[in-house]
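Okay, structure first, notes after.
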Amino acid sequence: MSEEIAVELGARRYPIHVGAGLIAKAGALLKPIAKGPVPVVTDSHVAALHLEPLLAAMRAAGIDARQIVLEPGEATKSFGELERLCGALLDLGVDRGGLIVALGGGVIGDLVGFAAGILKRGVDFAQVPTTLLAQVDSSVGGKTAISVPQGKNLIGLFHQPRLVIADIAVLGTLPRRELLAGYAEVAKYGALGDAEFFAWLEANAARALAGDEAALTHAVAHSCRVKAAVVARDERESGERALLNLGHTFGHGLEAATGFSQRLLHGEGVAIGMVLAFRLSERLGLSPAADTARLIAHLKAVGLPTAISDVPGPRPGVDALLAHMAHDKKAKDGRIVFVLAKGLGKTFTTAEVPAESLRAVLAA
Ligand code: NAD
Ligand code: GLY
């Protein structure tokens, strides 16, 4: 069972395939766009688990598949690694009409997408995301980036993939904590604009997270459908795409205050951030308390953190959080842009938030 979703971007339209066992079919899916040596770039964790089946499927389809294995972890999204990767891609003989495959989580997808965007002024790439976060978020929409000491994801470009292959079977090897962190982004799609999907998740998330194929395929495919529709309408985030940042401004502040460490994964920050966004909306009289309670109950039920006090270690102070939030790259003219809610499934952006309400939510 698999689903196909299209990101409708005119001549750059591309499909997202979602289903169990798709790596075995990747050769046939990639063959029409493969030319010359096709490097599969991955990290060593993923290589040990999922690289060989992908290479075998590609070779069986007659693709000259090669491999480049990088270190796992955020530090790989750096100028140094980008330079090394571009060198390796050039050494393999990737040319302008070639194709690069990113096999991994958001770190590999972001780095490979960026390298593909600048190599020889742009070559094609395909995403084979292996984390839930990458399947529902980072592999779709064409945002690519590396990080620098000044901040995360500050150097990058938009470069859409030609194809996304989300094999939900690979999620079976993902550590539970990473799976749940990715799930925060799934819940986000319901909370930001699809109350019906949120209700479906309330009833089915446990099944999906336990690996039920049909439930997990639907959760991933529907998330991609929501994101694909938003990206098709606002590719460069001049408006609506900003709604995909629900929970991210708070989450980014928390991640920065905890040093982007294992204390708080990105998705965990997004889970707490979504709750803070709903709490703030509630405090401003915009969103009913019952919707905040529903969001908290659902995130707790799947095992995600929902409050700043859930972050292990010393509690980040309000001033430190505010300072980090002001440095978010989505801040405009020094003002923090928030995604707030008028209830579950109804969000909007605003920079008009009274400072005392914000402080109260961060201190509670
Ligand atoms: P990640 O790529 O670091 O993967 C998390 C860990 O899981 C790594 O250790 C990895 O080796 C391992 N792993 C991956 N797949 C596995 C599998 N199937 N089985 C076992 N282990 C596996 O992290 P992530 O959460 O996927 O991505 C985070 C990155 O994504 C961040 O850099 C973030 O900035 C970026 N991001 C980008 C976008 C975008 O739109 N481009 C959106 C959201 C996040
Ligand atoms: N992760 C948010 C976006 O792609 O716009």
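Numbers here are sequence positions counted from 1. First listed ligand is number 1; within each ligand, the first listed atom is number 1.
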Ligand 1 polar-atom proximity to protein (N/O, under 3.5 Å):
{"from": "ligand 1", "atom 1": "2 (O)", "to": "G106", "atom 2": "N", "distance (Å)": "3.2"}
{"from": "ligand 1", "atom 1": "2 (O)", "to": "V107", "atom 2": "N", "distance (Å)": "3.1"}
{"from": "ligand 1", "atom 1": "9 (O)", "to": "H45", "atom 2": "ND1", "distance (Å)": "2.9"}
{"from": "ligand 1", "atom 1": "11 (O)", "to": "D43", "atom 2": "OD1", "distance (Å)": "3.1"}
{"from": "ligand 1", "atom 1": "11 (O)", "to": "D43", "atom 2": "OD2", "distance (Å)": "2.7"}
{"from": "ligand 1", "atom 1": "11 (O)", "to": "H45", "atom 2": "ND1", "distance (Å)": "2.9"}
{"from": "ligand 1", "atom 1": "15 (N)", "to": "T130", "atom 2": "O", "distance (Å)": "3.3"}
{"from": "ligand 1", "atom 1": "15 (N)", "to": "T130", "atom 2": "OG1", "distance (Å)": "2.7"}
{"from": "ligand 1", "atom 1": "18 (N)", "to": "T130", "atom 2": "O", "distance (Å)": "3.0"}
{"from": "ligand 1", "atom 1": "18 (N)", "to": "V170", "atom 2": "O", "distance (Å)": "3.0"}
{"from": "ligand 1", "atom 1": "18 (N)", "to": "T173", "atom 2": "OG1", "distance (Å)": "3.3"}
{"from": "ligand 1", "atom 1": "19 (N)", "to": "T173", "atom 2": "O", "distance (Å)": "3.3"}
{"from": "ligand 1", "atom 1": "19 (N)", "to": "T173", "atom 2": "OG1", "distance (Å)": "2.7"}
{"from": "ligand 1", "atom 1": "26 (O)", "to": "G106", "atom 2": "N", "distance (Å)": "2.8"}
{"from": "ligand 1", "atom 1": "26 (O)", "to": "T131", "atom 2": "OG1", "distance (Å)": "2.6"}
{"from": "ligand 1", "atom 1": "27 (O)", "to": "G106", "atom 2": "N", "distance (Å)": "3.1"}
{"from": "ligand 1", "atom 1": "32 (O)", "to": "E74", "atom 2": "OE1", "distance (Å)": "3.0"}
{"from": "ligand 1", "atom 1": "32 (O)", "to": "E74", "atom 2": "OE2", "distance (Å)": "2.8"}
{"from": "ligand 1", "atom 1": "32 (O)", "to": "K77", "atom 2": "NZ", "distance (Å)": "2.7"}
{"from": "ligand 1", "atom 1": "34 (O)", "to": "K77", "atom 2": "NZ", "distance (Å)": "3.0"}
{"from": "ligand 1", "atom 1": "34 (O)", "to": "N153", "atom 2": "ND2", "distance (Å)": "3.0"}
{"from": "ligand 1", "atom 1": "41 (N)", "to": "D110", "atom 2": "OD1", "distance (Å)": "2.9"}
{"from": "ligand 1", "atom 1": "41 (N)", "to": "K143", "atom 2": "O", "distance (Å)": "2.8"}

Need the list: ligand 2 N/O atoms against protein N/O atoms, distance under 3.5 Å, rounded to one decimal.
{"from": "ligand 2", "atom 1": "1 (N)", "to": "D137", "atom 2": "OD1", "distance (Å)": "3.0"}
{"from": "ligand 2", "atom 1": "1 (N)", "to": "D137", "atom 2": "OD2", "distance (Å)": "3.4"}
{"from": "ligand 2", "atom 1": "4 (O)", "to": "K227", "atom 2": "NZ", "distance (Å)": "2.6"}
{"from": "ligand 2", "atom 1": "4 (O)", "to": "R241", "atom 2": "NH2", "distance (Å)": "2.7"}
{"from": "ligand 2", "atom 1": "5 (O)", "to": "K143", "atom 2": "NZ", "distance (Å)": "2.8"}
{"from": "ligand 2", "atom 1": "5 (O)", "to": "R241", "atom 2": "NE", "distance (Å)": "2.7"}
{"from": "ligand 2", "atom 1": "5 (O)", "to": "R241", "atom 2": "NH2", "distance (Å)": "3.4"}

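Side chains of L132 and V136 form a contact here, defined as non-hydrogen atoms less than 4.5 Å apart. Annotation: side chain of I118 is in contact with side chain of L82 (closest heavy-atom distance under 4.5 Å). A heavy-atom distance below 4.5 Å is found between the side chains of R359 and L322. F338 has its side chain within reach of F250: a pair of non-hydrogen atoms, C-beta onward, lies under 4.5 Å apart. Counting heavy atoms from C-beta outward, I308 and L276 have side chains that approach closer than 4.5 Å.
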| message | Is there a salt bridge (charged side-chain N to carboxylate O under 4.0 Å, His left out) between R279 and E282? Walk through the geometry before answering. | response | CA-CA 5 Å; R279 283 201 188 286; E282 184 188 325; 5.1 Å; no

| request: Could you walk me through whether T130 and H50 pass side chain to side chain donor-acceptor pair (under 3.5 Å), step by step? | output: CA-CA 9 Å; T130 62; H50 305 296; over 6 Å; no

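Summarising the geometry of P129 relative to Q135, their closest heavy-atom pair is O-NE2, 3.0 Å, with the distance given to 0.1 Å.
Checked by atom type, the side-chain pair N153/K143 shows no donor-acceptor distance below 3.5 Å.
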